[in-house]
Amino acid sequence: MKSPSLYSRAHKQINEVKPFVLFRRPDSEILESYYQTDNSLNYTEDLTDQGFVMAPFDTQQKSILFPLSKSIKESERIISRDTEGYDQIKSKSIDPTSDKHIALVAQGIQKIKEGLFDKVVLSREECLTVDKKDWIKVFDKLLHFYPTAFVYIWFHPKVGLWMGATPETLLSINKNKLSTMALAATQLYTKTKRVDWDPKEKKEQQLVTDYIREALEPLGDHLKISEPYTHRAGNLVHLRSDINAEIDFKLITLQEIVQKLHPTPAVCGLPKATALQFIKKHESYNRAFYTGYLGEIVKDDTSKIDADLYVNLRCMQIFDEEVKIYVGGGITKDSVPEKEWEETVRKTQTMKKVLW
Ligand SMILES: C=C(O[C@@H]1C=C(C(=O)O)C=C[C@H]1O)C(=O)O
């Protein structure tokens with residue numbers, strides 16, 4: 001099958017050591033790209049600039065922008081393939097040590113029982129040695145495995161190479177309409193079995209919904225929240241509620257809304273400040289862009305902002321002959337450390353599936 005012509009341009013950017021991003025929005029057949037014309041490193045302070053933004057988890061750190069004014073933007077229709085066929089591929093089995101993560105989760109549960117917070121999302125990195133690869137080809141596999149995800153490959157010579165297939169929208173804004181989602185709880189996907197969610201999982205997802213409701217309610221009218229339903233993300237399923245609102249952008253900016261939402265309890269915890277403090281102190285690695293957000297911000301012909309931002313989950317950072325896969329899960333008082341470990345192992349499969 002013929003490769004999209006956007007790929008050859010992306011290869012050229014890599015050879016010329018220039019930034020680019022290739023991405024495909026959920027359920028879309030359009031592959032999109034930004035190719036920065038120089039290798040400068042640009043930031044966005046207040047999310048008012050047009051371009052493609054890559055924001056870290058840590059809100060104290062700066063967000064990177066591929067400015068529209070310095071980029072060539074292209075798009076191309078891609079032919080979808082039979083994704084189920086790929087299910088035959090088996091990834092190499094790796095058995096990383098679980099003790100550290102299990103101890104971290106146990107410590108989180110203890111703090112919940114002591115009343116420090118209600119929920120905390122704890123994560124880890126998994127480092128794997130890999131042969132040198134054509135990463136655009138790997139991205140192509142990712143596209144066809146995960147048609148309902150936001151799938152991307154992002155490169156900046158001064159920052160690094162990232163790739164992911166995330167099931168989670170941070171927010172999407174079109175004119176005065178905002179949509180987002182509360183996504184939480186995880187089970188393994190099976191073709192035949194009906195999915196039942198237990199009270200612990202429902203509560204975990206409800207906490208995220210309530211947080212988003214409280215953040216958005218004061219900002220406008222017509223807040224609509226769907227009943228939670230099962231959403232498939234590759235080999236996993238989650239509980240998801242869709243949230244829609246009408247926002248008066250004369251009263252609030254995009255940056256202020258993002259600050260209210262990010263990081264949501266789907267990736268941080270509740271209350272936000274204490275959960276964040278615990279994460280920073282006890283997770284013994286740097287999340288960098290994992291659980292940050294990424295996506296496009298543009299203005300329409302009336303200068304109104306259109307934004308389409310996704311939470312950076314099910315992702316990996318790529319080095320010369322190593323990748324780091326980032327995974328985590330929400331912890332509540334009823335969590336069982338060993339099960340939380342297994343959940344992170346399952347989440348690594350999203351990326352491992354395309355590595356071998
Ligand atoms: C933190 C991650 O995922 C988040 C945590 C989930 C959970 O706790 O079950 C489910 C979906 C995401 O909101 C991850 O994929 O690394």
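A quick note: this is a predicted structure, and the numbers were derived from the prediction, not measured. Numbering of ligands and ligand atoms starts at 1, following listing order.
Ring geometry for W154 versus F289: interplanar angle of 30 to 60°, hence tilted. Aromatic ring pairs are classed by plane angle as parallel below 30°, tilted from 30° to 60° and perpendicular above 60°; the pair F52 and F23 is tilted. Note on ring orientation: taking the six-membered ring where Trp is involved, the planes of Y229 and H231 are perpendicular (angle over 60°, cut-offs 30° and 60°).
Shortest contact from atom 11 (C) of ligand 1 to any protein heavy atom: R314 NH2, 3.6 Å. Remark: minimum distance from atom 2 (C) of ligand 1 to any protein heavy atom is reached at G328 O, 3.5 Å. For atom 9 (O) of ligand 1, the nearest non-hydrogen atom of the protein is T186 OG1, 2.5 Å.
Residue G329 places no N or O, backbone or side chain, under 3.5 Å from any N or O of ligand 1. Taking only nitrogen or oxygen atoms, main chain and side chain alike, V267 does not reach within less than 3.5 Å of ligand 1. Residue contacts with ligand 1: T291 is placed with no nitrogen or oxygen under 3.5 Å of a nitrogen or oxygen of the ligand (distance criterion only). Any N or O atom pair closer than 3.5 Å counts here, and L313 shares no such pair with ligand 1.
Each of the atoms 4 (C), 5 (C), 13 (O) of ligand 1 lies under 4.0 Å from some heavy atom of A266.
Although no hydrogens or angles enter the test, the distance criterion places a donor-acceptor pair under 3.5 Å between the side chain of Q36 and the main chain of S40. At distances below 3.5 Å, not a single donor-acceptor pair connects side-chain atoms of R24 with backbone N or O atoms of P26.
The shortest separation from a heavy atom of E204 to ligand 1 is under 4.0 Å, placing the residue in contact.
In summary, E340 and K200 engage in a salt bridge, as defined by a charged side-chain N under 4.0 Å from a carboxylate O.
Taking the six-membered ring for Trp, F278 and F117 have ring centres closer than 6.0 Å.
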